[in-house]
Undergrad: 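Take this structure, written in structure tokens, and hold onto it; I'll ask about it next.
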Amino acid sequence: MKKNIVVLLSLCIGFVSLAQEVIQVPYEKAANVKWEGDEKAYYSKIWQNNVVTNVSVPTMEVFRPEKPNGAAVIIAPGGGLYALSITSEGTQVAQWLNEKGITAFVLKYRLVPTGEDGVQEITDDATTNPNNVGLRVMPVLPYSYADGLSALKYVRENAEDFMIEPNKIGFMGFSAGGAVTMGVVYNYDESNRPDFIVPVYPWTPVMPVQEAPEDAPPMLVICSTDDPLDLASGSVSLYSSWLTAKKPAALHMYAKGGHGFGMKRQGLPSDTWIERFYEWSIAQGIVEITMEQ
């Protein structure tokens with residue numbers, strides 16, 4: 001009997017050690033958007049990916065590397081602001097970064113209020129009434145990038161606890177998460193300025209390209225020419241805005257890759273975009289290579 005109890009206790013301890021480290025991001029309640037029910041997590045057959053929808057309370061899942069190198073990235077998955085492509089544009093990115101010693105935070109920012117299947121809703125809206133997508137997205141977007149700004153401030157204020165350097169905290173966003181990234185960079189103050197940004201096929205139609213801020217952080221833009229949402233031109237304009245302002249910038253425009261590739265493998269050069277990010281981070285001095293690496 002005692003032996004069984006010991007085994008059960010050991011299992012419980014093991015499960016606790018594997019528990020997710022999730023932080024609620026400080027936020028102000030939305031004045032003009034109302035959500036019903038809890039957020040939903042499920043596998044979408046339409047997108048063939050795990051998704052999260054109906055997020056009304058922003059949170060971050062923390063991914064800590066075994067040997068942190070001081071750099072950190074807050075990751076904003078995409079999904080048209082109706083959903084979060086939480087695996088291929090979230091947790092898998094974080095796990096890859098962890099292998100390089102980079103601490104990662106997968107951000108669940110606030111989304112368009114949806115019912116049982118947010119992916120089905122955006123699919124229906126985009127097919128039958130494309131204007132409705134914008135009408136539903138635009139009231140929520142300011143809260144989404146406010147969550148990004150709050151996440152940056154929180155991570156910086158707690159940098160010591162996370163074993164990171166407060167001047168090496170970046171923001172990476174995919175598609176709608178790229179719009180959140182640019183919302184962050186166009187609205188930051190001293191407390192929540194990202195030290196570098198990585199917009200990946202950013203949704204520039206909903207967050208139009210503006211002039212680069214005076215103290216704009218280094219930027220790496222990732223996209224593909226054959227993006228079916230025609231985001232290549234916006235990515236080029238974004239890069240050009242940094243170039244015009246003489247701010248550090250780089251652009252990787254792949255011939256093929258489509259949209260939403262994230263960490264998916266397609267047998268294309270775009271499969272290795274995250275390795276290009278790592279090389280860029282070394283060149284920018286964000287990550288320092290040691291003899292052990």
Side-chain angles (χ1 to χ4, degrees), residues 20-23 25 59-78 86 88-109 145 147-174 177-178 180-182 184-185 188-200 202 212-213 215-222 239 242 247-252 262-263 272-293:
Q20 295 174 318
E21 184 180 356
V22 177
I23 296 167
V25 177
T59 60
M60 289 187 297
E61 184 177 356
V62 186
F63 289 77
R64 298 176 184 261
E66 289 185 14
K67 297 180 179 180
N69 60 23
V73 177
I74 296 171
I75 303 164
I86 201 70
S88 66
E89 296 177 349
T91 57
Q92 289 179 348
V93 179
Q95 289 161 356
W96 193 98
L97 295 174
N98 276 181
E99 291 176 2
K100 300 296 185 180
I102 300 171
T103 304
F105 304 81
V106 177
L107 175 65
K108 294 182 183 178
Y109 52 88
Y145 64 71
D147 296 340
L149 290 164
S150 183
L152 276 159
K153 184 177 181 179
Y154 183 93
V155 171
R156 180 162 288 127
E157 289 177 345
N158 294 276
E160 185 175 351
D161 292 339
F162 293 123
M163 299 178 67
I164 61 176
E165 297 180 33
N167 62 342
K168 291 186 176 182
I169 303 169
F171 203 97
M172 174 187 291
F174 301 77
V180 171
T181 303
M182 299 319 299
V184 163
V185 86
Y188 62 72
D189 58 30
E190 185 178 350
S191 69
N192 52 29
R193 175 186 178 274
D195 297 302
F196 58 94
I197 58 169
V198 187
V200 185
D215 59 343
M219 176 178 69
L220 170 63
V221 186
I222 306 287
Y239 167 75
W242 253 242
K247 303 300 180 183
L251 170 66
H252 278 287
M263 298 298 285
T272 60
W273 70 268
I274 197 164
E275 294 175 24
R276 307 291 80 77
F277 158 72
Y278 184 64
E279 293 166 353
W280 175 81
S281 71
I282 294 170
Q284 289 295 137
I286 298 163
V287 172
E288 297 181 6
I289 296 296
T290 64
M291 292 300 293
E292 291 182 1
Q293 291 172 303

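Being a predicted model, the structure only gives us computed values, none of them experimental. Values below: all heavy atoms of this structure, side chains included; hydrogens, waters and symmetry mates excluded.
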Undergrad: For Gly262, does its backbone N or O pair with a side-chain atom of Trp273 as donor and acceptor, under 3.5 Å?
TA: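 Pair found, side chain donor or acceptor close to backbone of Gly262.
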Undergrad: Do the side chain of Trp242 and the main chain of Pro217 share a donor and acceptor less than 3.5 angstrom apart?
TA: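 Present.
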Undergrad: To the closest 0.5 Å, what do you measure between CD1 (Ile222) and NE2 (His252)?
TA: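 Output value for this atom pair is 5.5 Å.
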Undergrad: When you compare the side chain of Leu152 with that of Tyr188, does any pair of heavy atoms fall below 4.5 Å?
TA: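 The answer is no; the side chains never approach within 4.5 Å.
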Undergrad: If we only count heavy atoms from C-beta on, is the Trp96 to Glu275 side-chain gap below 4.5 Å?
TA: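 Counting from C-beta outward, Trp96 and Glu275 do come under 4.5 Å.
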Undergrad: Would you call Leu220 and Phe196 a side-chain contact if the rule is heavy atoms closer than 4.5 Å?
TA: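 Leu220 does not reach Phe196 side chain to side chain.
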Undergrad: Are any side-chain N or O atoms of Arg64 and backbone N or O atoms of Glu21, one a donor and one an acceptor, separated by less than 3.5 Å?
TA: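 It does not hold such a pair.
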Undergrad: Apply side-chain contact (heavy atoms from CB on, under 4.5 Å) to the pair Leu149 and Lys153, showing each step before the final yes or no.
TA: CA-CA 6 Å; Leu149 290 164; Lys153 184 177 181 179; over 6 Å; no
Undergrad: Applying side-chain contact (heavy atoms from CB on, under 4.5 Å), run through Val73 and Phe277 and close with a yes or a no.
TA: CA-CA 12 Å; Val73 177; Phe277 158 72; 4.2 Å; yes
Undergrad: What are the two closest heavy atoms between Ala151 and Leu107, and how far apart are they?
TA: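 So the minimum-distance heavy-atom pair works out to CB-CD1, 4.2 Å.
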Undergrad: Atom OG1 of Thr103 and atom CD1 of Ile74: how far apart are they, to the nearest 0.5 Å?
TA: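 One gets 11.5 Å once the value is rounded to the nearest 0.5 Å.
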Undergrad: Can you list, pair by pair, the side-chain donor-acceptor contacts under 3.5 Å of residues 158-174, counting residues two or more places apart and other chains?
TA:
unit_1 : atom_1 : unit_2 : atom_2 : d
Asn158 : ND2    : Tyr154 : O      : 2.8
Lys168 : NZ     : Ile286 : O      : 3.4

Undergrad: So, for Tyr109 and Pro77, which heavy atoms are closest and what is the spacing to 0.1 Å?
TA: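 Closest pair (atom of Tyr109, atom of Pro77, distance): OH-O, 2.5 Å.
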Undergrad: Can you name the closest pair of heavy atoms from Lys247 and Ala212 and give their distance?
TA: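 Minimum heavy-atom contact is CG-CB, 4.4 Å.
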Undergrad: Ser150 versus Asn192: any side-chain heavy-atom pair under 4.5 Å?
TA: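 No; the side chains remain at least 4.5 Å from each other.
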Undergrad: Assess whether side-chain contact (heavy atoms from CB on, under 4.5 Å) is satisfied between Val22 and Lys108, documenting all intermediate values.
TA: CA-CA 10 Å; Val22 177; Lys108 294 182 183 178; over 6 Å; no
Undergrad: Under 3.5 Å, side chain of Asn98 to main-chain N/O of Ile102, donor-acceptor pair present?
TA: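 Checked: pair present.
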Undergrad: Just so I know, are the side chains of Asp195 and Arg156 near enough to count as touching, which here means a heavy-atom distance under 4.5 Å?
TA: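 Yes, close enough: below the 4.5 Å cut-off.
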Undergrad: Mind checking whether Pro199 and Met219 have side chains closer than 4.5 Å, heavy atoms only?
TA: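 Counting from C-beta outward, Pro199 and Met219 do come under 4.5 Å.
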Undergrad: What's the separation between atom OG1 in Thr59 and atom CG in Asp147, rounded to the nearest 0.5 Å?
TA: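 If I round to the nearest 0.5 Å, the distance is 9.5 Å.
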Undergrad: Is the shortest heavy-atom distance from the side chain of Pro202 to the side chain of Thr181 under 4.5 Å?
TA: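 Result no, sub-4.5 Å side-chain heavy-atom pair not found.
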Undergrad: For Ile75 and Leu97: C-alpha separation, side-chain torsions, deciding distance, then whether side-chain contact (heavy atoms from CB on, under 4.5 Å) applies.
TA: CA-CA 11 Å; Ile75 303 164; Leu97 295 174; 4.1 Å; yes
Undergrad: Can you measure from OG1 (Thr91) to CD (Glu61) and round to the nearest 0.5 angstrom?
TA: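 Spacing of OG1 (Thr91) from CD (Glu61) equals 7.5 Å.
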Undergrad: Can you give me the closest heavy-atom contact between Gly78 and Glu89, atom names plus distance?
TA: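 In this case the closest contact between Gly78 and Glu89 is N-OE1, 2.8 Å.
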